[in-house]
Engineer: 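Starting off with a structure, shown below.
Note that ligands are numbered from 1 as they come in the structure, with each ligand's atoms numbered from 1 the same way.
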Amino acid sequence: MGSDLEPQLPGGTRQASQAEQPKILVVDDEVRMRESVRDLLRAYGHSSVIAANGKIALEILRQQSIELILLDLNMPEISGLDFLEMLKADYPDIDVVIVSGEATFANATEALRQGVHDFLRKPYNPVELIGIIEKVLKKRNLERDFKQVHQQLEASEYRYRFIVDNSPDIIYMLDENGRFCFVNDRISQLLDYPKDELIGQHYSAVVHEEDIEKAKYAFAERRTGDRASRNVEFRLRCRDNAQGSRYFESRSVSIELNSMGIYSNSDDGDSKRYVGTYGVARDISERKRAEEIINFQLYHDLLTQLPNRALLRDRLGLAISQARRSGNQLALMYLDMDRFKVINDSLGHVAGDQLLQTVANRLRNSLRDSDTLARVGGDEFNLLVPEVTDKEDVARLVEKVLKNLKTPIFIDGVEVFVSFSIGIALYPDDGETMDTLIKHADIAMYHVKRRGKDGYEFFSSNMKTMVDQHLSLDSGLRRAIDEEQLHVYFQPQIDLRSGEISGMEALLRWKHPEAGYISPTEFIPVAEENGLINEIGLWVLDAGCAELKKWRQAGHNQLNLAVNVSSKQLAQADFEQQVFNTLEKHGIPGSALELEITENVLIQDMDQVINKLRQLHAAGICIAVDDFGIGYSSLGYLQSLPLSTLKIDRSFVSGIRATNNRNSIVTAIIAMAKELGLRIIAEGVETESQHQQLKQLGCPHAQGFLFSRPMPKEQTAQFLNGVELQQQHS
Ligand SMILES: Nc1nc2c(ncn2[C@@H]2O[C@H](COP(=O)(O)O[C@H]3[C@@H](O)[C@H](n4cnc5c(=O)[nH]c(N)nc54)O[C@@H]3COP(=O)(O)O)[C@@H](O)[C@H]2O)c(=O)[nH]1
C-alpha cells in the first residue's frame, strides 16, 4: 500500500483532494487498524494520511496541513501521550481524537486534559467514529468561518477608523445630553484638545461664547433628512484660546445616512428613540479670512483705510432709519480739500498720497467712534454724524475739524497748508433720503468753493435753485451749440484822439429759444466747468476772424479784432496752434488780433502761460489784460509778460468825475501803462462826461455804450460804413 509517509487519498489526485478536503492523520502502530480507519474515512468521503508511529506522524505534520489526528495511545518509541505533548507545543490548532485500546482512567483523563476532543475505545464503532469526526470537522469549519468574519470586521473597522481619523473635517457624535461620545483625530489638530479630554464634555465647551445661540440647534441637531441643519457657520474655541477662533461650517446628518445608532428602536419596536447626534464640521478659517480681506477691500479705501462710498451709503441708510424711528437729526457733510490738485501736481503723487493719509488721520482723530468718515473721491470725504441736536452743535464740530486741519503738515520736509470746503445737510430738514442728503451737502460745499473756499456752509433751499439753473444751463448749452443758438456780437473800440474805430471786441451771445438772451456771465462759467469753453472759444475766434476779413476787404484794413480767452482755453496744449491755424485760414495777420486774458489766468501756471503768450506774441498777436485793476496778482508780472494792452475795468471808469479820487487810480494805471509801453483802453464808457474826463487824463482808447452797444455782425458792417442803426440788443 505504499510508504507510510505518503498520504493515502481516496481516489483522484493528491493535490486535488488536499485542496478540497480537510486532511485527517491516522496514527496507529497496527497496520490493520490504521488501514480500516483509512478505508472507513474514504467511504465517507474524507481524505486521510496514515502513520505507523509518532515519529512518522511528526514528519507528516511538518510537510502537510493536517486538521484532525486520530491517535492511538499505545505505540512504541513515542507513546500517544508524549506525542500529544509535542503536538500541543508545535501544532496547538490541530484537533485530536483518541482511538485506542488503552482503557486506564488515568491515561484517558490525561489525554482529555491535554485538550483532545474525544476518546474512543478500540474496537471502535465505525458510525460513532464517523459521527465524532464529522462533529470535529463541523466545529472547525464554524471556527474558521468565524475567524474569517472577525478578520474582515477588523479590516473593515480599521478602514473606517482610518478614513474617519484622517478626515480633513471634524467628525463627532454627541449623546442625547449633548456630550461628546466620539470625536476623530482632526479635532485635536484643529482645537488642540486631546481627544480623551473632550469625551464626556458638553459641546458648548468648544463653542465660541458669542456663537452659542447660533450653534445650539446646529450642534445638537435632532432632526433628520432635509430639515437637518446644513452649512451653519459659527466659531469653535481652540483649547485655552491658543490659536484664536476658527470658523466652522457644521452639519448634522440624518439618521438614514448614519447607521451608528443615533436613533435606536424603542422597546415597542415601532418608534425610535433619540440617542445622540452625528456631525461633520469643516474648517473654513482660511475662507473666512479671505472673505474678511475681500470685504475690507470692497468697503474701504485702501490708501487711507477709511470706509468708502459703499460703506458710507450703507451706514447712512441705517442712520436715516434710526433717526426716523427716534425722531433725531443727523448731519451729512461733504468735505473737499482746497487746491489739492495744485499740491499734488507740484509735490508729486507720492507726496499727494501722504498728504491724504495725514489729513485722513487728522479728520479721524477729531471724530467720535459713532461718526463715519469716508473717502468718496480723490480729495473728497463724506462725514456722517448720526446724532446731532442742532446746527450750533454741528457748527462746533466742523470748526473743531477745520481748526485741527489748520496746523501745517510736513511732507518730505515741505510745509503744506491745507484747508477744506465743507457743505452740511441735516436730516430731516434738508432731505429725508440718502441721495438727497448727499446731493444737498455737495451743493452746500460747492457754495463754499464759489464763495472763496476754506469754510463751511449749511444747505439752504435757494442754493438748490441756483444749482438747478446751473444744471439746465449745462444741458442747454450743449444743445445751443448743435442748434446754432450762439452768436457773436461786436463792440467798437474807439481811438479817442482821432475818434475813429480802431478795433472791434467779439462778444458771445446766447439766444435761447424760450429764455431769450442769456448773459455770458451766466453761461461762460458753466462752459468752463463742463469743458465746452474750448469748442465755443475756438468758434468765436473763427467767426470773429471771418467778419474781420470781410471788414478789411471792405476797406477797413487797419481794423483789429479783440477776442476774449478763458484760462481753460489757454491751458490747452495746442491753444497757440489753434490760433495760428485760424488766422491762416482767414488770411489775417497776427498783428490784427488781440487776445484778452484776465488776471486770474496769470495766477495759475505762470511758467506755462508765459511760454504760450510769448509764442503768440512772437507771431505778432497782441495780448490785453482785461478788467485790469480788480485782480489780486502782483504787478511784477506786467514786466515779465509779453503784454500789449491794459483794459481799465469798468468799475474805475464808472466812478470818474471831474473831481474824484477814483480818477487817481485811472491816472496811475494810465501812467504805469505809458511807462511800460502798453496801450490803454478804458472799458464801460457810458457818458459824455466820462468820455471827456478820460480824454483829459490822456487815455488813448475807450469802449462803451456811449459809442455803441455790442451788435450783431450785419449791424456791425453797417456801423463801420457809417450807418446809424437802432441797437436791438446789448
Ligand atoms: N471767454 C469769453 N468770455 C466772453 C466772451 N464773450 C463775452 N465774454 C465775457 O463775458 C462777460 C460779460 O460779457 P458781456 O455781457 O458781453 O458784456 C460785455 C459788454 O456788453 C459790456 N459792456 C461794454 N460796454 C459797456 C458799458 O458801457 N456799460 C456796461 N454796463 N457794460 C458794457 O462789458 C462786457 C465786455 O467785457 P470785457 O470782455 O471785459 O471787455 C465779460 O467778462 C466778457 O469778457 C467770449 O467769447 N469768451
Engineer: Using the salt bridge (charged side-chain N to carboxylate O under 4.0 Å, His left out) rule, pick out the option among Asp336, Asp301, Asp353 that qualifies with Arg375.
Structural biologist: Asp301
Engineer: Less than 4.5 Å apart, side chain to side chain, heavy atoms only: is that true for Leu678 and Thr645?
Structural biologist: no
Engineer: I need the atoms of ligand 1 closer than 4.0 Å to a non-hydrogen atom of Glu596, numbered in the order shown.
Structural biologist: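 Going through ligand 1 atom by atom, the ones under 4.0 Å from Glu596 are 38 (O), 40 (O).
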Engineer: Is the closest N or O pair between Leu508 and ligand 1 shorter than 3.5 Å?
Structural biologist: yes
Engineer: Between Leu706, Ile524, Val653, which one has a non-hydrogen atom sitting closest to atom 3 (N) of ligand 1?
Structural biologist: Ile524
Engineer: Just checking, any donor-acceptor pair under 3.5 angstrom between side chains of Thr433 and Asp435?
Structural biologist: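 On atom types as modelled, these side chains do not qualify, holding no pair under 3.5 Å.
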Engineer: Which atoms of ligand 1 sit under 4.0 Å from any heavy atom of Glu686?
Structural biologist: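 Matching atoms, with element in brackets: 26 (C), 27 (O), 28 (N), 29 (C), 30 (N).
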Engineer: Flag this pair as yes if the NZ/CZ of Lys391 is under 6.0 angstrom from the six-membered ring centre of Phe458 and inside a 45 degree cone about the axis; otherwise no.
Structural biologist: yes
Engineer: Check for me whether Gly537 has a heavy atom closer than 4.0 Å to any atom of ligand 1.
Structural biologist: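 Flag not set, Gly537 not near ligand 1.
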Engineer: Is Pro520 in polar range of ligand 1, meaning some N or O pair under 3.5 Å apart?
Structural biologist: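 No - when backbone and side-chain N and O of Pro520 are compared with those of ligand 1, no distance drops under 3.5 Å.
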Engineer: If the cut-off is 4.0 Å to any non-hydrogen atom of Arg650, which atoms of ligand 1 fall inside it?
Structural biologist: 21 (C), 22 (N), 28 (N), 29 (C), 30 (N), 31 (N), 32 (C), 33 (O), 34 (C)
Engineer: Can you list the ligand 1 atoms lying under 4.0 Å from a non-hydrogen atom of Gln491?
Structural biologist: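 Reading through ligand 1 atom by atom, the close ones are 23 (C), 24 (N).
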Engineer: Considering only heavy atoms, does Val563 approach ligand 1 within less than 4.0 Å through its side chain, its backbone, both, or neither?
Structural biologist: neither
Engineer: Is there a donor in the side chain of Gln692 and an acceptor in the side chain of Glu688, or the other way round, less than 3.5 Å apart?
Structural biologist: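 Yes, Glu688 and Gln692 have a side-chain donor paired with an acceptor closer than 3.5 Å.
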Engineer: Counting each atom of ligand 1 from 1 as listed, which ones have a heavy atom of Thr521 under 4.0 Å away?
Structural biologist: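 Counting from 1, the qualifying ligand atoms are 11 (C), 12 (C).
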Engineer: Phe707 pairs by side-chain contact (heavy atoms from CB on, under 4.5 Å) with which of Gln491, Gln493, His691?
Structural biologist: His691
Engineer: Check whether Asn382 reaches the backbone of Ala374 with its side chain - one donor and one acceptor, N or O, closer than 3.5 Å.
Structural biologist: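 Flag not set: sc Asn382 to bb Ala374 has no pair under 3.5 Å.
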Engineer: Please confirm whether Gln569 comes within less than 3.5 Å of ligand 1 when only nitrogen or oxygen atoms on both sides are compared.
Structural biologist: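 The answer is no, given that Gln569 and ligand 1 share no N or O pair closer than 3.5 Å.
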Engineer: Return yes if some donor-acceptor pair links the side-chain N/O of Glu483 with the main-chain N/O of Ala480 below 3.5 Å, else return no.
Structural biologist: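 Answer holds: no.
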Engineer: In terms of atom number and element, which parts of ligand 1 are under 4.0 angstrom from non-hydrogen atoms of Asp626?
Structural biologist: 37 (P), 38 (O), 39 (O), 40 (O), 44 (O)
Engineer: Between Lys713 and Gly544, is there a donor-acceptor pair closer than 3.5 Å when you use the side chain of the first and the backbone of the second?
Structural biologist: no
Engineer: Given 3.5 Å as the limit, does a donor-acceptor pair link the side chain of Asn557 with the main chain of Gln553, or not?
Structural biologist: no
Engineer: What atoms in ligand 1 come closer than 4.0 Å to a heavy atom of Val540?
Structural biologist: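 What qualifies from ligand 1 is 46 (O).
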Engineer: Near Pro710, which atoms of ligand 1 are under 4.0 Å from a heavy atom of that residue?
Structural biologist: 20 (O)
Engineer: Could you name the option among Arg509, Gln690, Glu505 that has the heavy atom nearest to atom 38 (O) of ligand 1?
Structural biologist: Glu505
Engineer: Quick one: does Arg709 get within less than 4.0 Å of ligand 1, heavy atoms only?
Structural biologist: no
Engineer: Are Asn404 and Ser366 linked by a side-chain donor-acceptor pair shorter than 3.5 Å?
Structural biologist: yes
Engineer: Purely on distance, is any nitrogen or oxygen of Gln703 under 3.5 Å from one on ligand 1?
Structural biologist: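 In this structure, Gln703 places no N or O atom under 3.5 Å from an N or O of ligand 1.
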Engineer: Would you say ligand 1 has an N or O under 3.5 Å from any N or O of Glu683?
Structural biologist: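 Yes, at least one N or O pair falls under 3.5 Å.
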